[in-house]
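To find a chain, count down the sequence lines: A is the first, B the second, and so on, and within it residues start at 1. Here the structure is a predicted model, which means the values were calculated and not measured.
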Number of protein chains: 2
Amino acid sequence: MSALDDELDYQILTLLQKDGRMSFTEISKEINVAVSTIRHRYINLIEDGTLKIIGRVDPNKIGFNAYASILISVKPKSYMNTIFEALTKLPEISFLASVSGDFDIEANVMCRDMEHLNELIGEKIHVLEGVFDTKTNMYMKIYKFSQPDLELAKLSSKQNE
Amino acid sequence: MSALDDELDYQILTLLQKDGRMSFTEISKEINVAVSTIRHRYINLIEDGTLKIIGRVDPNKIGFNAYASILISVKPKSYMNTIFEALTKLPEISFLASVSGDFDIEANVMCRDMEHLNELIGEKIHVLEGVFDTKTNMYMKIYKFSQPDLELAKLSSKQNE
DNA sequence: TTAATTTTTTACAAAAAAAATAAAATGAGC
DNA sequence: GCTCATTTTATTTTTTTTGTAAAAAATTAA
(Lines give C-alpha, C1' and ligand atoms only; values in the text may rest on other atoms or scores of the structure.)
Protein backbone atom coordinates (compact mmCIF):
# COMPACT_ATOMS: atom_id res chain seq x y z
CA MET A 1 0.00 0.00 0.00
CA SER A 2 1.26 3.42 -0.93
CA ALA A 3 1.02 6.52 1.23
CA LEU A 4 -1.79 7.88 -0.90
CA ASP A 5 -3.77 4.69 -0.51
CA ASP A 6 -3.65 4.99 3.22
CA GLU A 7 -4.79 8.56 2.97
CA LEU A 8 -7.93 7.37 1.18
CA ASP A 9 -8.58 4.79 3.88
CA TYR A 10 -8.20 7.45 6.54
CA GLN A 11 -10.66 9.70 4.76
CA ILE A 12 -13.21 6.92 4.54
CA LEU A 13 -12.68 5.96 8.17
CA THR A 14 -13.00 9.57 9.28
CA LEU A 15 -16.38 9.95 7.61
CA LEU A 16 -17.78 6.60 8.72
CA GLN A 17 -16.50 7.10 12.24
CA LYS A 18 -18.85 10.06 12.54
CA ASP A 19 -21.79 8.61 10.63
CA GLY A 20 -21.74 4.87 10.16
CA ARG A 21 -24.68 4.95 7.77
CA MET A 22 -23.28 7.46 5.31
CA SER A 23 -23.87 6.04 1.83
CA PHE A 24 -20.96 5.10 -0.41
CA THR A 25 -22.33 7.57 -2.93
CA GLU A 26 -22.11 10.43 -0.46
CA ILE A 27 -18.64 9.40 0.66
CA SER A 28 -17.47 9.29 -2.95
CA LYS A 29 -18.82 12.80 -3.56
CA GLU A 30 -17.15 14.04 -0.40
CA ILE A 31 -13.70 12.80 -1.33
CA ASN A 32 -13.96 12.71 -5.13
CA VAL A 33 -13.32 9.06 -5.82
CA ALA A 34 -15.49 6.59 -7.72
CA VAL A 35 -18.24 4.88 -5.73
CA SER A 36 -16.92 1.46 -6.59
CA THR A 37 -13.52 2.38 -5.19
CA ILE A 38 -15.08 3.46 -1.92
CA ARG A 39 -16.95 0.21 -1.74
CA HIS A 40 -13.85 -1.89 -2.39
CA ARG A 41 -11.96 -0.01 0.28
CA TYR A 42 -14.90 -0.34 2.66
CA ILE A 43 -15.14 -4.08 2.19
CA ASN A 44 -11.41 -4.45 2.82
CA LEU A 45 -11.55 -2.34 5.97
CA ILE A 46 -14.43 -4.44 7.27
CA GLU A 47 -12.81 -7.74 6.34
CA ASP A 48 -9.46 -7.04 7.93
CA GLY A 49 -11.21 -5.90 11.09
CA THR A 50 -10.07 -2.28 10.98
CA LEU A 51 -13.64 -1.02 10.81
CA LYS A 52 -16.90 -2.20 12.26
CA ILE A 53 -20.18 -0.38 11.96
CA ILE A 54 -22.19 -0.62 15.14
CA GLY A 55 -25.23 1.00 16.64
CA ARG A 56 -24.17 2.59 19.88
CA VAL A 57 -26.95 2.62 22.44
CA ASP A 58 -26.93 5.25 25.19
CA PRO A 59 -26.87 3.28 28.48
CA ASN A 60 -28.76 5.99 30.41
CA LYS A 61 -31.63 5.98 27.95
CA ILE A 62 -32.25 2.29 28.47
CA GLY A 63 -32.06 2.31 32.24
CA PHE A 64 -28.45 1.71 33.21
CA ASN A 65 -27.78 4.14 36.03
CA ALA A 66 -24.80 2.60 37.74
CA TYR A 67 -21.62 2.58 35.70
CA ALA A 68 -18.60 1.44 37.66
CA SER A 69 -15.05 0.23 37.46
CA ILE A 70 -14.23 -2.95 39.37
CA LEU A 71 -10.57 -3.65 40.01
CA ILE A 72 -9.76 -7.24 40.83
CA SER A 73 -6.76 -8.75 42.53
CA VAL A 74 -6.14 -12.42 41.75
CA LYS A 75 -4.34 -14.90 44.03
CA PRO A 76 -2.85 -17.21 43.06
CA LYS A 77 -2.15 -15.88 39.58
CA SER A 78 -2.76 -19.28 38.09
CA TYR A 79 -6.48 -18.48 38.31
CA MET A 80 -6.18 -15.57 35.88
CA ASN A 81 -7.36 -17.45 32.80
CA THR A 82 -10.38 -19.11 34.35
CA ILE A 83 -11.41 -15.80 35.92
CA PHE A 84 -11.18 -14.03 32.56
CA GLU A 85 -13.27 -16.77 31.02
CA ALA A 86 -15.96 -16.40 33.68
CA LEU A 87 -15.98 -12.61 33.59
CA THR A 88 -16.23 -12.42 29.81
CA LYS A 89 -19.57 -14.17 30.05
CA LEU A 90 -21.12 -11.66 32.46
CA PRO A 91 -23.47 -9.42 30.43
CA GLU A 92 -22.97 -6.47 32.80
CA ILE A 93 -19.29 -6.24 31.89
CA SER A 94 -18.70 -3.96 28.91
CA PHE A 95 -14.94 -3.67 29.21
CA LEU A 96 -12.51 -6.24 30.51
CA ALA A 97 -8.73 -6.03 30.50
CA SER A 98 -5.60 -7.03 32.34
CA VAL A 99 -3.90 -4.02 33.87
CA SER A 100 -0.57 -3.06 35.37
CA GLY A 101 -0.52 -1.62 38.88
CA ASP A 102 -1.95 -2.66 42.23
CA PHE A 103 -4.65 -4.87 40.73
CA ASP A 104 -4.63 -7.49 38.00
CA ILE A 105 -7.92 -7.00 36.22
CA GLU A 106 -10.17 -4.08 35.43
CA ALA A 107 -13.81 -4.66 34.58
CA ASN A 108 -16.18 -1.86 33.68
CA VAL A 109 -19.77 -2.73 34.41
CA MET A 110 -23.15 -1.29 33.53
CA CYS A 111 -25.83 -1.98 36.10
CA ARG A 112 -29.39 -0.81 36.47
CA ASP A 113 -28.82 0.52 39.97
CA MET A 114 -26.73 0.11 43.09
CA GLU A 115 -28.62 -2.97 44.17
CA HIS A 116 -27.88 -4.65 40.87
CA LEU A 117 -24.21 -3.63 41.13
CA ASN A 118 -23.91 -4.88 44.68
CA GLU A 119 -25.51 -8.17 43.71
CA LEU A 120 -23.14 -8.54 40.78
CA ILE A 121 -20.04 -8.03 42.90
CA GLY A 122 -21.18 -10.23 45.76
CA GLU A 123 -22.83 -13.06 43.87
CA LYS A 124 -21.03 -13.17 40.55
CA ILE A 125 -17.53 -11.88 41.12
CA HIS A 126 -16.47 -12.52 44.70
CA VAL A 127 -17.63 -16.10 44.43
CA LEU A 128 -15.08 -16.90 41.72
CA GLU A 129 -12.15 -18.94 42.92
CA GLY A 130 -8.99 -16.88 42.84
CA VAL A 131 -10.65 -13.50 43.35
CA PHE A 132 -8.63 -12.24 46.30
CA ASP A 133 -9.75 -8.64 46.56
CA THR A 134 -11.78 -6.07 44.64
CA LYS A 135 -12.12 -2.33 44.61
CA THR A 136 -15.11 -0.63 43.06
CA ASN A 137 -15.22 2.97 41.91
CA MET A 138 -18.31 4.64 40.48
CA TYR A 139 -18.16 6.69 37.33
CA MET A 140 -20.15 9.69 38.42
CA LYS A 141 -20.29 11.86 35.32
CA ILE A 142 -18.97 11.06 31.89
CA TYR A 143 -17.41 14.04 30.13
CA LYS A 144 -16.08 12.40 27.00
CA PHE A 145 -16.52 9.08 25.27
CA SER A 146 -15.00 9.20 21.84
CA GLN A 147 -13.30 7.19 19.19
CA PRO A 148 -9.56 6.98 18.50
CA ASP A 149 -8.39 10.19 16.87
CA LEU A 150 -7.40 9.40 13.31
CA GLU A 151 -5.31 12.52 12.93
CA LEU A 152 -3.05 11.29 15.72
CA ALA A 153 -2.92 7.87 14.16
CA LYS A 154 -1.75 9.29 10.85
CA LEU A 155 1.52 10.27 12.49
CA SER A 156 2.37 6.63 12.89
CA SER A 157 2.37 3.91 10.26
CA LYS A 158 -0.28 1.25 10.12
CA GLN A 159 0.28 -1.69 12.43
CA ASN A 160 -0.98 -5.23 12.88
CA GLU A 161 -2.29 -5.56 9.34
CA MET B 1 -45.40 4.38 24.69
CA SER B 2 -46.91 0.97 25.33
CA ALA B 3 -45.04 -2.13 26.41
CA LEU B 4 -45.25 -3.57 22.93
CA ASP B 5 -43.79 -0.44 21.40
CA ASP B 6 -40.77 -0.69 23.59
CA GLU B 7 -40.35 -4.29 22.60
CA LEU B 8 -40.14 -3.20 18.97
CA ASP B 9 -37.53 -0.57 19.82
CA TYR B 10 -35.50 -3.18 21.64
CA GLN B 11 -35.65 -5.50 18.68
CA ILE B 12 -34.46 -2.78 16.34
CA LEU B 13 -31.70 -1.73 18.72
CA THR B 14 -30.58 -5.32 19.16
CA LEU B 15 -30.17 -5.80 15.42
CA LEU B 16 -28.50 -2.47 14.73
CA GLN B 17 -26.21 -2.86 17.71
CA LYS B 18 -24.66 -5.86 15.99
CA ASP B 19 -24.69 -4.52 12.44
CA GLY B 20 -25.13 -0.79 12.12
CA ARG B 21 -25.57 -0.98 8.36
CA MET B 22 -28.36 -3.53 8.27
CA SER B 23 -30.98 -2.21 5.85
CA PHE B 24 -34.44 -1.26 7.08
CA THR B 25 -35.81 -3.80 4.63
CA GLU B 26 -33.85 -6.59 6.23
CA ILE B 27 -34.79 -5.47 9.74
CA SER B 28 -38.46 -5.40 8.76
CA LYS B 29 -38.23 -8.95 7.39
CA GLU B 30 -36.47 -10.09 10.53
CA ILE B 31 -39.12 -8.82 12.91
CA ASN B 32 -42.17 -8.83 10.62
CA VAL B 33 -43.14 -5.18 10.67
CA ALA B 34 -43.55 -2.80 7.73
CA VAL B 35 -40.41 -1.11 6.46
CA SER B 36 -41.86 2.34 7.02
CA THR B 37 -42.51 1.52 10.66
CA ILE B 38 -38.92 0.49 11.14
CA ARG B 39 -37.72 3.72 9.56
CA HIS B 40 -39.98 5.83 11.77
CA ARG B 41 -38.77 4.07 14.86
CA TYR B 42 -35.18 4.38 13.69
CA ILE B 43 -35.48 8.12 13.13
CA ASN B 44 -36.98 8.58 16.60
CA LEU B 45 -34.25 6.53 18.25
CA ILE B 46 -31.60 8.61 16.48
CA GLU B 47 -33.28 11.92 17.25
CA ASP B 48 -33.77 11.32 20.96
CA GLY B 49 -30.15 10.20 21.24
CA THR B 50 -30.84 6.62 22.20
CA LEU B 51 -29.05 5.27 19.15
CA LYS B 52 -26.07 6.44 17.16
CA ILE B 53 -24.55 4.54 14.28
CA ILE B 54 -20.79 4.83 14.26
CA GLY B 55 -17.85 3.21 12.54
CA ARG B 56 -15.68 1.73 15.24
CA VAL B 57 -12.01 1.74 14.27
CA ASP B 58 -9.67 -0.80 15.84
CA PRO B 59 -6.99 1.24 17.62
CA ASN B 60 -4.30 -1.41 17.12
CA LYS B 61 -4.82 -1.50 13.38
CA ILE B 62 -4.10 2.18 13.07
CA GLY B 63 -1.03 2.29 15.23
CA PHE B 64 -2.15 2.93 18.79
CA ASN B 65 -0.11 0.56 20.91
CA ALA B 66 -0.30 2.18 24.32
CA TYR B 67 -3.74 2.18 25.91
CA ALA B 68 -3.71 3.40 29.48
CA SER B 69 -5.81 4.65 32.35
CA ILE B 70 -4.66 7.87 33.99
CA LEU B 71 -6.11 8.63 37.40
CA ILE B 72 -5.89 12.26 38.45
CA SER B 73 -6.10 13.82 41.87
CA VAL B 74 -7.13 17.49 41.90
CA LYS B 75 -6.22 20.05 44.60
CA PRO B 76 -7.86 22.36 45.29
CA LYS B 77 -11.15 20.93 44.01
CA SER B 78 -12.13 24.30 42.61
CA TYR B 79 -9.92 23.46 39.62
CA MET B 80 -12.10 20.50 38.61
CA ASN B 81 -14.07 22.29 35.94
CA THR B 82 -11.16 23.96 34.18
CA ILE B 83 -9.26 20.67 34.22
CA PHE B 84 -12.19 18.82 32.66
CA GLU B 85 -12.40 21.49 29.99
CA ALA B 86 -8.72 21.17 29.18
CA LEU B 87 -8.73 17.37 29.20
CA THR B 88 -11.78 17.11 26.96
CA LYS B 89 -9.79 18.80 24.21
CA LEU B 90 -6.91 16.34 24.27
CA PRO B 91 -7.33 14.02 21.25
CA GLU B 92 -5.56 11.16 22.99
CA ILE B 93 -8.31 10.94 25.61
CA SER B 94 -11.10 8.60 24.56
CA PHE B 95 -12.86 8.37 27.91
CA LEU B 96 -13.10 10.99 30.61
CA ALA B 97 -15.15 10.84 33.79
CA SER B 98 -15.29 11.90 37.40
CA VAL B 99 -14.87 8.94 39.73
CA SER B 100 -15.40 8.06 43.34
CA GLY B 101 -12.46 6.71 45.30
CA ASP B 102 -8.88 7.79 45.88
CA PHE B 103 -8.69 9.94 42.76
CA ASP B 104 -11.05 12.49 41.24
CA ILE B 105 -10.79 11.92 37.52
CA GLU B 106 -10.20 8.97 35.26
CA ALA B 107 -8.96 9.47 31.72
CA ASN B 108 -8.40 6.63 29.31
CA VAL B 109 -5.87 7.48 26.64
CA MET B 110 -4.77 5.98 23.36
CA CYS B 111 -1.19 6.70 22.47
CA ARG B 112 1.06 5.53 19.68
CA ASP B 113 3.74 4.28 22.07
CA MET B 114 5.22 4.76 25.50
CA GLU B 115 7.12 7.86 24.42
CA HIS B 116 3.91 9.45 23.25
CA LEU B 117 2.16 8.49 26.50
CA ASN B 118 4.99 9.81 28.63
CA GLU B 119 4.99 13.08 26.71
CA LEU B 120 1.23 13.40 27.13
CA ILE B 121 1.37 12.97 30.88
CA GLY B 122 4.35 15.22 31.40
CA GLU B 123 3.62 18.00 28.95
CA LYS B 124 -0.17 18.05 28.67
CA ILE B 125 -1.55 16.81 31.97
CA HIS B 126 0.91 17.54 34.77
CA VAL B 127 1.26 21.11 33.57
CA LEU B 128 -2.41 21.87 34.25
CA GLU B 129 -2.99 23.98 37.33
CA GLY B 130 -4.75 21.94 39.99
CA VAL B 131 -3.39 18.55 38.92
CA PHE B 132 -1.97 17.38 42.23
CA ASP B 133 -1.10 13.77 41.51
CA THR B 134 -1.58 11.16 38.81
CA LYS B 135 -1.39 7.39 38.60
CA THR B 136 -1.06 5.62 35.28
CA ASN B 137 -1.92 1.99 34.65
CA MET B 138 -1.45 0.26 31.30
CA TYR B 139 -4.18 -1.86 29.78
CA MET B 140 -2.16 -4.85 28.76
CA LYS B 141 -4.66 -7.09 27.03
CA ILE B 142 -8.28 -6.35 26.27
CA TYR B 143 -10.55 -9.36 26.70
CA LYS B 144 -13.92 -7.77 26.10
CA PHE B 145 -15.19 -4.49 24.74
CA SER B 146 -18.88 -4.66 24.18
CA GLN B 147 -22.08 -2.70 24.14
CA PRO B 148 -24.65 -2.45 26.91
CA ASP B 149 -26.63 -5.68 27.11
CA LEU B 150 -30.18 -4.96 26.02
CA GLU B 151 -31.57 -8.06 27.66
CA LEU B 152 -30.46 -6.74 31.03
CA ALA B 153 -31.88 -3.33 30.22
CA LYS B 154 -35.29 -4.81 29.48
CA LEU B 155 -35.66 -5.69 33.13
CA SER B 156 -35.84 -2.03 33.97
CA SER B 157 -38.06 0.63 32.46
CA LYS B 158 -36.76 3.23 30.07
CA GLN B 159 -35.16 6.23 31.71
CA ASN B 160 -34.14 9.76 30.75
CA GLU B 161 -36.37 9.96 27.69
C1' DT C 1 13.52 -1.09 -20.34
C1' DT C 2 10.14 -4.23 -21.46
C1' DA C 3 6.67 -7.55 -20.77
C1' DA C 4 3.89 -10.15 -17.68
C1' DT C 5 1.32 -10.23 -13.48
C1' DT C 6 -1.11 -8.50 -9.81
C1' DT C 7 -3.58 -5.02 -7.63
C1' DT C 8 -6.44 -1.12 -7.67
C1' DT C 9 -9.65 1.85 -9.64
C1' DT C 10 -13.38 2.66 -12.50
C1' DA C 11 -17.82 2.28 -15.41
C1' DC C 12 -22.23 0.50 -16.10
C1' DA C 13 -26.65 -1.91 -15.75
C1' DA C 14 -29.86 -4.52 -12.89
C1' DA C 15 -31.64 -5.15 -8.37
C1' DA C 16 -32.53 -3.44 -3.98
C1' DA C 17 -33.23 0.01 -0.67
C1' DA C 18 -34.29 4.65 0.93
C1' DA C 19 -37.04 8.72 1.00
C1' DA C 20 -41.19 11.30 0.63
C1' DT C 21 -45.96 11.43 0.86
C1' DA C 22 -50.40 10.28 2.05
C1' DA C 23 -53.68 7.14 3.89
C1' DA C 24 -55.25 3.85 7.39
C1' DA C 25 -55.20 2.08 12.00
C1' DT C 26 -54.73 2.54 16.86
C1' DG C 27 -55.29 4.59 21.35
C1' DA C 28 -55.89 8.09 24.95
C1' DG C 29 -58.83 11.42 26.89
C1' DC C 30 -63.09 13.62 27.07
C1' DG D 1 -68.94 7.38 20.77
C1' DC D 2 -66.17 11.17 19.15
C1' DT D 3 -61.87 13.81 18.53
C1' DC D 4 -57.10 14.52 18.44
C1' DA D 5 -52.58 12.77 18.32
C1' DT D 6 -49.63 9.11 17.43
C1' DT D 7 -48.22 5.09 15.07
C1' DT D 8 -48.28 1.98 11.40
C1' DT D 9 -48.79 1.06 6.76
C1' DA D 10 -48.97 1.28 1.47
C1' DT D 11 -47.32 3.39 -2.65
C1' DT D 12 -44.45 5.87 -5.87
C1' DT D 13 -40.21 8.13 -7.00
C1' DT D 14 -35.48 8.71 -6.30
C1' DT D 15 -31.23 7.05 -4.79
C1' DT D 16 -28.08 3.55 -3.51
C1' DT D 17 -26.14 -0.91 -3.65
C1' DT D 18 -24.53 -4.90 -5.89
C1' DG D 19 -22.30 -7.70 -9.33
C1' DT D 20 -19.57 -7.95 -13.35
C1' DA D 21 -16.16 -6.64 -16.31
C1' DA D 22 -12.93 -3.50 -18.22
C1' DA D 23 -9.28 0.11 -17.71
C1' DA D 24 -5.48 1.93 -15.23
C1' DA D 25 -1.76 1.70 -12.19
C1' DA D 26 1.70 -0.52 -9.68
C1' DT D 27 4.76 -4.46 -9.05
C1' DT D 28 7.75 -8.04 -10.41
C1' DA D 29 10.88 -10.60 -13.14
C1' DA D 30 13.45 -11.21 -17.23
Side-chain angles (χ1 to χ4, degrees), chain A residues 1-58 61-63 150 153-154 156-161, chain B residues 1-58 61-63 150 153-154 156-161:
Chain A
M1 264 197 188
S2 75
L4 212 127
D5 283 323
D6 283 325
E7 179 57 33
L8 181 52
D9 277 342
Y10 276 113
Q11 286 182 286
I12 295 171
L13 290 174
T14 304
L15 291 171
L16 285 174
Q17 207 178 33
K18 285 186 218 130
D19 174 7
R21 273 198 164 243
M22 183 180 268
S23 71
F24 299 141
T25 313
E26 200 181 342
I27 296 170
S28 84
K29 278 176 196 160
E30 203 77 33
I31 58 189
N32 274 78
V33 176
V35 192
S36 358
T37 307
I38 301 294
R39 198 162 75 95
H40 270 257
R41 289 305 192 98
Y42 169 83
I43 291 169
N44 287 337
L45 287 168
I46 294 289
E47 281 185 348
D48 74 11
T50 304
L51 176 69
K52 187 169 184 188
I53 309 286
I54 58 157
R56 198 162 78 181
V57 178
D58 183 335
K61 299 267 183 186
I62 56 169
L150 296 178
K154 257 192 217 175
S156 75
S157 54
K158 264 193 166 180
Q159 310 270 328
N160 299 72
E161 287 192 274
Chain B
M1 262 198 190
S2 73
L4 211 126
D5 284 322
D6 283 327
E7 180 56 31
L8 180 52
D9 277 343
Y10 276 112
Q11 287 183 285
I12 295 171
L13 289 173
T14 304
L15 291 171
L16 285 174
Q17 206 178 34
K18 285 186 218 128
D19 174 6
R21 273 199 163 242
M22 183 180 268
S23 73
F24 298 141
T25 311
E26 200 181 342
I27 295 170
S28 83
K29 278 177 196 161
E30 203 76 33
I31 60 191
N32 273 77
V33 176
V35 192
S36 1
T37 307
I38 302 292
R39 183 175 294 110
H40 271 259
R41 289 306 193 96
Y42 169 84
I43 290 169
N44 288 338
L45 288 168
I46 294 288
E47 280 184 349
D48 74 12
T50 304
L51 176 67
K52 187 171 185 188
I53 309 285
I54 58 159
R56 196 160 80 179
V57 179
D58 183 335
K61 298 268 184 185
I62 57 170
L150 295 177
K154 257 191 217 174
S156 75
S157 55
K158 263 191 168 183
Q159 309 271 329
N160 300 73
E161 285 193 277

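From A:I54, atom CD1 reaches atom CG of B:L51 across 10.0 Å, with rounding to the nearest 0.5 Å. In this structure, the separation between CG on B:L13 and CD1 on A:I62 is 7.5 Å, given to the nearest 0.5 Å. With values rounded to the nearest 0.5 angstrom, A:K61 atom NZ is found 5.0 Å from B:D48 atom CG.
Atom CG of A:L8 and atom C1' of C:dT8 are 11 Å apart (whole Å). The distance from atom CD1 of B:I53 to atom P of C:dA18 is 12 Å, rounded to the nearest whole Å. For the pair B:D19 CG and C:dA17 P, the computed distance is 13 Å after rounding to whole Å. Rounded to an integer number of Å, the gap from B:N32 CG to D:dT9 P is 10 Å. Atom CD in B:E7 sits about 17 Å away from atom C1' in D:dT7, given to the nearest Å. Going from atom CD1 of A:I38 over to atom P of C:dT8 covers 15 Å, rounded to whole Å. When rounded to the nearest whole Å, the span between CD1 of A:I43 and P of C:dT8 equals 13 Å. Rounded to an integer number of Å, the gap from A:I31 CD1 to C:dT9 P is 11 Å.
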>> Counting primed atoms plus P, OP1 and OP2 as sugar-phosphate and everything else as base, spell out the protein contacts along nucleotides 15-20 of chain D at 4.0 Å heavy-atom distance: B, S or - for each nucleotide, 5' to 3'.
In response: -SSBB-

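Residues A:T37 and A:L8 meet the side-chain proximity criterion, which asks for heavy atoms closer than 4.5 Å. For the pair B:I46/A:R21, no side-chain contact is recorded, criterion being any heavy-atom separation below 4.5 Å from C-beta on.
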Can you list, pair by pair, the side-chain donor-acceptor contacts under 3.5 Å of residues 23-35 of chain B, counting residues two or more places apart and other chains?
| residue | atom | partner | partner atom | Å |
| --- | --- | --- | --- | --- |
| B:S23 | OG | B:E26 | N | 3.1 |
| B:S28 | OG | B:T25 | O | 2.8 |

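Residue A:A34 has its side chain nearest to C:dA11 when only D:dT7, C:dA11, D:dA10 are considered.
Considering only side-chain N and O atoms, B:T37 lies nowhere under 4.0 angstrom from the phosphate OP1 or OP2 of D:dT7.
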